[in-house]
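Structure, as structure tokens:
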Amino acid sequence: MYSFEPSEEQKMLIDAVRRYAENDVRPAAREAEETGELPMSLVNKGWELGLLQASIPEEYGGFGERSAVTGVLAAEEMAWGDLAITLAVMTPGLFAVPILLAGTEEQKKEYLPPVIEAEWRPYTAALIEYAFDFDPFELKTTATAQGDSYVLNGEKAYVPFAKDAEAMLVYANLEGKTQGFIVPKGTKGVQVAEEREKLMSLNALPLYRVTLENVRVPKANRLGGEAGHAFEPILAAQYVALSSMAVGVSKAAFEYSRDYAKEREVFGVKVAQKQAIAFMLAEMATDIEAIRLLTWEAAWKIDTGKEDAFKEAYLAMTGAMDMAMMVTDRAVQILGGHGYIREHPVEMWMRNGRGFATFTGLAIV
Amino acid sequence: MTIEFEAPKPIQKQQFVLETVATEMMRSKSRYFDEHEHEIPYDYIEFMHTAMRATGAGALAPRKEKKKEGEDKPKHPPIGYQMLAHMLEVLSWGDVGMYLCTPGGGLGAAAVEAAGTPEQKEKFLSRFMGEKPTFAAMCMTEPQAGSDTSAIRTTAVLDKETNEWVINGEKIFVTAGDKAMTLREQFGKGFIVVWATIDPSAGRAGMRAFVVEAGTPGVRVEKLEHKMGIRCSDTATIVLQDVRVPFDHILGSPTVEKTTKGFKGAMATFDATRPLVAATGIGVARAALEFVKEKLAEAGIEIRYGLPRNKLTSIERDVIDMEVMLRSAWLMTIKAVWMADNKMPNALSASMSKLKAGDVVTKITQKAVEMMGPLGYSREFLLEKWFRDAKITDIYEGTGQINRLVVARNILGYRGSQLR
């Protein structure tokens, strides 16, 4: 059957996330962006919503089952509040979800329970590399087998919370395949840059460059063990996560510019009463809905194990990066000069908007 | 409820049959009927009529599911519009011009279904299950009034002596108007639904729809248009001169209350049919995209899904963008008909799906011709035809601009007077 209505359980969760996004996240977003300081009490509050905990089964310390559909519904709502704070709340998932998806029984038992302890803890992952032709399938960071170990060499970029991370899932090129390696805190050869990354947005999210120099991890730390793992399902889960966040950010920008256009007078009418503006808004709303549905379907395909889940997740992500740029750009345009002023949030969302072309690796559901 | 994207079983079952029809009966004749404008595809019509009689499927307005005695609700949630959307998509993938020749009442029957009384439905709609294929058509547009339907000048005046409505006016762009109104031995007697005003001073409040049967004196099919595409489908000009129809041929309420109920009746029809029109365009665009992918595959070109965008070739980017557009437009269409089936107000979703489909099917077919170069432009293949066929999606049943207006008013909470 077709159905476009979330379950009762999902609706309750969406409501809770929406309240958090509206009452807690949105009011804190601008200051966090300007000061670069992440309000950790807020991150903890978001963590207490239990999104990650609910996607991990009881035997590994959680209380539920992973659902990409539930994940994208929640991520959209939270990103509507603020993208940087949402990414921070969800960062431990970057470490935990791939282990849940591809880890061995031992890895799940060892690594999952500590991640989802009561408090939010900085567990993270390192995928992105600092190159214009960065390709998650052709990483420049290498892994080579040496005796009982794998040795990692290379440089990773945009690694959230790398400085304090309890453990990091490092993706590296092992004989042409992208594979994850669990690198615990204090492992020799891991150097985290002193300075945080400086990006066009996400100032509140502490991101770091990480250098790996002959980093030696036991063979048992390869994600999925000796046999390794497929990378596509992990990437698919990242695509839909980002794509739903792109929908959330775009929705925020659309709503703000729509409300502004209904207030602002021009030539004796509201600016929204001009077709030039009204039609822009109509197209924004339409394209947001288009990508939302594509994201939902991709997530549903992930959950139901459809063969083309990866392809559709990729399509959703590709569509989302265009849509988010279009919508957030227009939101600024509709506010005119005011849109360009940092008193209004739309310019921040526009800077977020371009990021979805680059953020693969920063979110997962 | 939960979010789900699996097509219901009955839809999956009909899909295979429809694909066979689309390939065998439609695709193979596509070029012929494109080049022989106004020839009637009798084989296809006869076949569809027989098939639809046997299965009871196919009218633009789905039949209500019969309740079993002692049951409050039908066993399964209704999926009539969803089935139709799928059916139209596949048939249009075969040939949209020919699909528009499908007997069963089309938009005319949809209007009766949306605005008629139970008696009227019985009287006018039962003919479509008769022995011969039968057509009906919707007459809305006039030479001076297209999207602005409130500017319609066709009048209907009640002759109190005979208790008949007397209709005068000229209607253009009537899809299947010829097949509905010209009496032929191959077809049953059809009708048109004519939108006219019963009180020109009342504006939209005076607008009503009237059923005019084929063979009624004073109605004539004046001309058939020569079009860019969908050439298999006739587009008629119909002149009505002192046409008399019985009193009960007015759909809905005959009194002129100062409301826009009649007009809203017409608009309600659009809520149901806009996503269906979207589905037809999507079928055409899918045909074009599949052709492109087939030609690329023959040339050994593989689309590398998952590659970062800046590493894709221009052709890969185009194909991927086309897939994003096509799939998301289709999902919007499905959502709009799913809402219709579940009796949720779907004016916004319906208009959004039509807006989106109009945009993407024109873009996809235009890009496809560009990508295929000399093959795309040549009449040896059907791609150039799909380019011509697709364009109408952004025009009929409300242009892309009208749908933007509907969507904009909806999201802004504006009435027509606030956003013109």
Side-chain angles (χ1 to χ4, degrees), chain A residues 1-10 69 73 132-138 232 235 239 254 258 261-262 269-270 272-275 277-287 289-294 296-297 299-301 304 306 308 310-312 314-316 318-322 357 360, chain B residues 1-9 11 76-77 79 82 303-312 317 320-321 323-325 327-332 334-335 337-339 341-342 344 348-349 351-353 355-356 359-360 400-401 403-414 418-420:
Chain A
M1 296 297 294
Y2 290 122
S3 169
F4 297 84
E5 209 171 299
S7 68
E8 289 307 314
E9 217 174 305
Q10 287 167 334
V69 170
L73 292 171
F132 80 89
D133 58 350
F134 163 69
D135 178 349
F137 284 100
E138 283 183 18
E232 289 193 351
L235 206 46
Y239 287 150
F254 159 72
R258 175 199 61 195
K262 286 184 75 174
V269 294
K270 304 293 183 192
Q273 291 179 270
K274 297 287 184 191
Q275 285 193 350
I277 302 298
F279 281 19
M280 281 206 266
L281 287 164
E283 288 165 7
M284 290 154 76
T286 302
D287 280 12
E289 174 74 354
I291 297 303
R292 172 187 287 121
L293 294 180
L294 194 60
W296 284 11
E297 187 180 49
W300 173 81
K301 283 186 174 178
T304 51
K306 296 280 180 292
D308 60 345
F310 174 77
K311 178 188 159 186
E312 181 133 335
Y314 174 74
L315 292 181
T318 305
M321 67 172 90
D322 283 348
T360 302
Chain B
M1 281 284 179
T2 175
I3 289 169
E4 237 187 289
F5 289 89
E6 198 92 61
K9 285 271 141 48
I11 291 180
H76 306 287
I79 57 165
Q82 296 163 61
I303 309 298
R304 295 167 296 169
Y305 300 98
L307 216 60
R309 259 190 147 184
N310 54 7
K311 290 180 112 182
L312 294 169
R317 259 182 104 137
I320 286 164
D321 286 346
E323 290 198 49
V324 169
M325 289 192 272
R327 191 68 196 168
S328 58
W330 173 242
L331 294 176
M332 293 182 89
I334 289 295
K335 184 179 174 187
V337 288
W338 171 81
M339 290 177 85
D341 278 332
N342 287 285
M344 300 175 185
L348 177 61
S349 278
S351 281
M352 269 191 177
S353 71
L355 184 175
K356 185 73 180 166
D359 264 5
V360 309
Q401 287 62 43
N403 281 299
R404 278 167 175 75
L405 204 53
V406 175
V407 171
R409 282 175 186 159
N410 201 305
I411 58 178
L412 289 162
Y414 281 165
Q418 291 170 293
L419 180 61
R420 294 184 176 278

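Chain A is the first sequence line, chain B the second, and so forth, proteins listed ahead of strands; every chain is numbered from 1.
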Rounded at 0.5 Å granularity, tell me how far CD1 in Ile291(A) sits from CG in Leu331(B).
10.0 Å
Under the side-chain contact (heavy atoms from CB on, under 4.5 Å) criterion, do Asp322(A) and Arg309(B) qualify, and how do the steps go?
CA-CA 11 Å; Asp322(A) 283 348; Arg309(B) 259 190 147 184; 2.8 Å; yes
Segment of Met280(A) engaging chain B (4.5 angstrom heavy-atom cut-off):
neither
Kindly determine whether Glu5(A) and Met344(B) satisfy side-chain contact (heavy atoms from CB on, under 4.5 Å), including the steps that lead there.
CA-CA 12 Å; Glu5(A) 209 171 299; Met344(B) 300 175 185; 3.5 Å; yes
Give the member of Trp338(B), Tyr414(B), Trp330(B) that has the highest number of heavy-atom pairs under 4.5 Å with chain A.
Trp338(B)
Ala272(A) and Leu419(B) have their tightest heavy-atom pair at O-CD1, 3.7 Å
Under 4.5 Å from a heavy atom of chain A, the part of Leu405(B) involved:
both
Which value, rounded to the nearest 0.5 Å, describes the distance between Glu283(A) atom CD and Asp359(B) atom CG?
6.5 Å
Quick check on Leu73(A) against chain B: is it the side chain, the backbone, both or neither that has a heavy atom closer than 4.5 Å?
side chain
Counting distance only, does the side-chain N/O of Ser3(A) pair as donor-acceptor with the main-chain N or O of Thr2(B) below 3.5 Å?
yes
CD/Glu4(B) to OG1/Thr304(A) distance, rounded to the nearest 0.5 angstrom?
9.0 Å
Under 4.5 Å to a heavy atom of chain A? For Ile303(B) that would be neither
Does Lys335(B) form a side-chain contact (heavy atoms from CB on, under 4.5 Å) with Tyr2(A)? I'd like the steps, not just the answer.
CA-CA 8 Å; Lys335(B) 184 179 174 187; Tyr2(A) 290 122; over 6 Å; no
Nearest heavy-atom approach of Met332(B) to Ala290(A) is SD-CB, 3.7 Å
Between Pro8(B), Gly306(B), Ala7(B), Pro308(B), which residue shows the highest count of heavy-atom pairs closer than 4.5 Å to chain A?
Gly306(B)
May I ask you to name which of Met321(A), Glu297(A), Gln273(A), Lys274(A) has the most heavy-atom pairs under 4.5 Å with chain B?
Glu297(A)
Does the distance from a Lys or Arg side-chain N to an Asp or Glu carboxylate O, for Glu138(A) and Lys311(B), drop under 4.0 Å?
yes
Return the minimal non-hydrogen interatomic distance between Phe5(B) and Phe4(A), and the atom names on each side.
CE2-CE2, 3.8 Å
Apply the test side-chain contact (heavy atoms from CB on, under 4.5 Å) to residues Gln418(B) and Lys262(A): give CA-CA distance (whole Å), side-chain angles for both, the deciding distance (0.1 Å), then the verdict.
CA-CA 11 Å; Gln418(B) 291 170 293; Lys262(A) 286 184 75 174; over 6 Å; no
For the atom pair CG (Leu294(A)) and CE (Met325(B)), what is the distance rounded to the nearest 0.5 Å?
12.5 Å
Heavy-atom pairs under 4.5 Å with chain A - which of Arg409(B), Lys9(B), Lys356(B) has more of them than the others?
Lys356(B)
Which bit of Phe134(A) is near chain B, if near means a heavy-atom gap under 4.5 Å: side chain, backbone, both or neither?
backbone
Any heavy-atom pair between the side chains of Ile79(B) and Met1(A) that's under 4.5 Å?
yes
Glu6(B) versus chain A, heavy atoms under 4.5 Å apart: side chain, backbone, both or neither?
both
Taking all atoms of both residues into account, what is the closest heavy-atom pair of Phe279(A) and Gln401(B), and its distance?
CZ-O, 3.5 Å
Which answer fits Asn403(B), side chain, backbone, both or neither, if we ask what part of it has an atom under 4.5 Å from a heavy atom of chain A?
neither
Leu355(B) versus chain A, the contacting section by heavy-atom distance below 4.5 Å
side chain
Enter the distance from Ser328(B):OG to Arg292(A):CZ here, rounded to the nearest 0.5 Å.
13.0 Å
Might you point out which heavy atoms bring Tyr314(A) and Leu307(B) nearest each other, and give the distance in Å?
OH-O, 2.7 Å
Side chain, backbone, both or neither: which part of Glu9(A) has a non-hydrogen atom closer than 4.5 Å to chain B?
neither
For Arg304(B), all residues meeting salt bridge (Lys or Arg N to Asp or Glu O under 4.0 Å), sequence neighbours excluded:
Glu316(B)
Looking only at heavy atoms, the pair that brings Ile3(B) and Trp300(A) closest together is O-CD1, 3.6 Å
